Amino acid sequence: DGGITQSPKYLFRKEGQNVTLSCEQNLNHDAMYWYRQDPGQGLRLIYYSQIVNDFQKGDIAEGYSVSREKKESFPLTVTSAQKNPTAFYLCASSIGDRAHEQYFGPGTRLTVT
Amino acid sequence: GDSVTQMEGPVTLSEEAFLTINCTYTATGYPSLFWYVQYPGEGLQLLLKATKADDKGSNKGFEATYRKETTSFHLEKGSVQVSDSAVYFCALSRAAGNKLTFGGGTRVLVKP
């Protein structure tokens, strides 16, 4: 079955450590996105990538980094510079010319203590 | 900039009740409008969409009509089920852009 995979579902880290969240898609989609979801605040765009080896900052990119070395993969690193990293992180993808119709993965809940 | 405002939840209903979730937007031009649904512990799923004024999106018994004059895209369902318990997000996208702007989400709880 085609879809988006995020792993792990739950992730725990100590403050000061970098952590990388995985996102893989086998939908052959060109574009991929990372969102952060906090209670009552909806989704906020962190980074997005329209094509391999290219990505752009979203609305809240500070403290995060990404790479897009393969079409299928768009890992997100939450660095120690991110002041409030505890959140639910959602990855999405879309066909290049239908970028407004995004398909979402199941999410990773990151807890930093 | 673009923004989406939805009614705050939680909305608690009994099974078979009528559901309305209000959504209004601010955007220049003619954005496309969407409703996404998030079931507990899962990612978001596209529920329905409308791409131009007066279009009605519908899916799984849910409907929403793109009202340009009131900049609204209210979600309705005539008879909810317990399985409709979820968080519902209204969103917009510029036709030529690649960003979705989301509202804050509305949690709906349907009791048997």
Side-chain angles (χ1 to χ4, degrees), chain A residues 3-10 21-25 27 29-51 54-61 68 74 87-109, chain B residues 1-11 21-27 29-52 55 57 59 66 73 86-108:
Chain A
I4 301 176
T5 304
Q6 291 186 243
S7 60
K9 192 169 180 66
Y10 299 96
L21 281 60
S22 166
C23 178
E24 304 279 333
Q25 55 98 0
L27 300 167
H29 284 174
D30 297 304
M32 297 187 74
Y33 313 80
W34 273 106
Y35 292 91
R36 172 183 172 133
Q37 184 179 18
D38 294 285
Q41 292 194 39
L43 277 70
R44 292 181 289 171
L45 182 65
I46 304 172
Y47 269 98
Y48 63 100
S49 168
Q50 296 175 273
I51 196 169
D54 187 44
F55 48 83
Q56 290 80 40
K57 293 181 178 180
D59 299 319
I60 55 165
R68 186 88 188 275
F74 191 41
F88 190 51
Y89 290 89
L90 286 162
C91 179
S93 70
S94 67
I95 298 172
D97 62 351
R98 299 178 70 80
H100 50 285
E101 292 190 26
Q102 297 179 19
Y103 294 81
F104 284 79
T108 292
R109 185 166 298 281
Chain B
D2 299 341
S3 67
V4 177
T5 302
Q6 352 181 176
M7 58 191 293
E8 290 190 22
V11 175
I21 304 176
N22 290 340
C23 170
T24 57
Y25 68 90
T26 301
Y30 298 89
S32 295
L33 301 173
F34 306 85
W35 276 101
Y36 281 82
V37 59
Q38 183 180 33
Y39 298 105
E42 299 183 9
L44 276 69
Q45 301 174 25
L46 179 63
L47 181 60
L48 53 84
K49 66 176 181 178
T51 57
K52 61 182 187 295
D55 265 3
N59 186 25
Y66 189 143
F73 193 53
V87 180
Y88 293 83
F89 292 92
C90 186
L92 69 80
S93 174
R94 299 289 191 84
N98 53 10
K99 280 181 57 176
L100 277 169
T101 299
F102 286 90
T106 301
R107 183 176 298 278
V108 173

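Numbers restart at 1 for each chain; the letters A, B, ... are given by sequence-line order, proteins then strands. Computed from a predicted model, the values in this text were never measured in an experiment.
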Asks: Would you call B:F34 and A:Q102 a side-chain contact if the rule is heavy atoms closer than 4.5 Å?
Replies: no
Asks: Which heavy-atom pair separates A:I4 from A:C23 by the least distance, and what is that distance?
Replies: CG2-SG, 3.8 Å
Asks: Quick one: are B:L100 and A:Y33 in side-chain contact, heavy atoms under 4.5 Å?
Replies: no
Asks: Side chain, backbone, both or neither: which part of A:F88 has a heavy atom under 4.5 Å from chain B?
Replies: side chain
Asks: Where does A:D59 contact chain B at under 4.5 Å (heavy atoms): side chain, backbone, both or neither?
Replies: side chain
Asks: Using ring pair (Phe, Tyr, Trp, His ring centres under 6.0 Å) as the criterion, list what pairs up with A:F104, not counting sequence neighbours.
Replies: A:Y35, B:Y36
Asks: Identify the two heavy atoms, one from B:Y66 and one from B:A50, that lie closest to each other, and give their separation to 0.1 Å.
Replies: CD1-O, 3.8 Å
Asks: So which of B:Q38, B:E8, B:R107 has the largest heavy-atom pair count under 4.5 angstrom toward chain A?
Replies: B:Q38
Asks: Between A:R44, A:R109, A:Q37, who has the most heavy-atom pairs with chain B when the cutoff is under 4.5 Å?
Replies: A:Q37
Asks: A:Q6 versus chain B, heavy atoms under 4.5 Å apart: side chain, backbone, both or neither?
Replies: neither
Asks: Please classify the contact of B:L44 with chain A as side chain, backbone, both or neither, using a heavy-atom distance under 4.5 Å.
Replies: both
Asks: Checking heavy atoms, do the side chain of B:Q45, its backbone, both or neither come under 4.5 Å from chain A?
Replies: neither
Asks: Quick one: list whatever passes salt bridge (Lys or Arg N to Asp or Glu O under 4.0 Å) with A:K57, sequence neighbours left out.
Replies: none
Asks: At a heavy-atom separation under 4.5 Å, does A:L90 approach chain B through its side chain, its backbone, both, or neither?
Replies: side chain
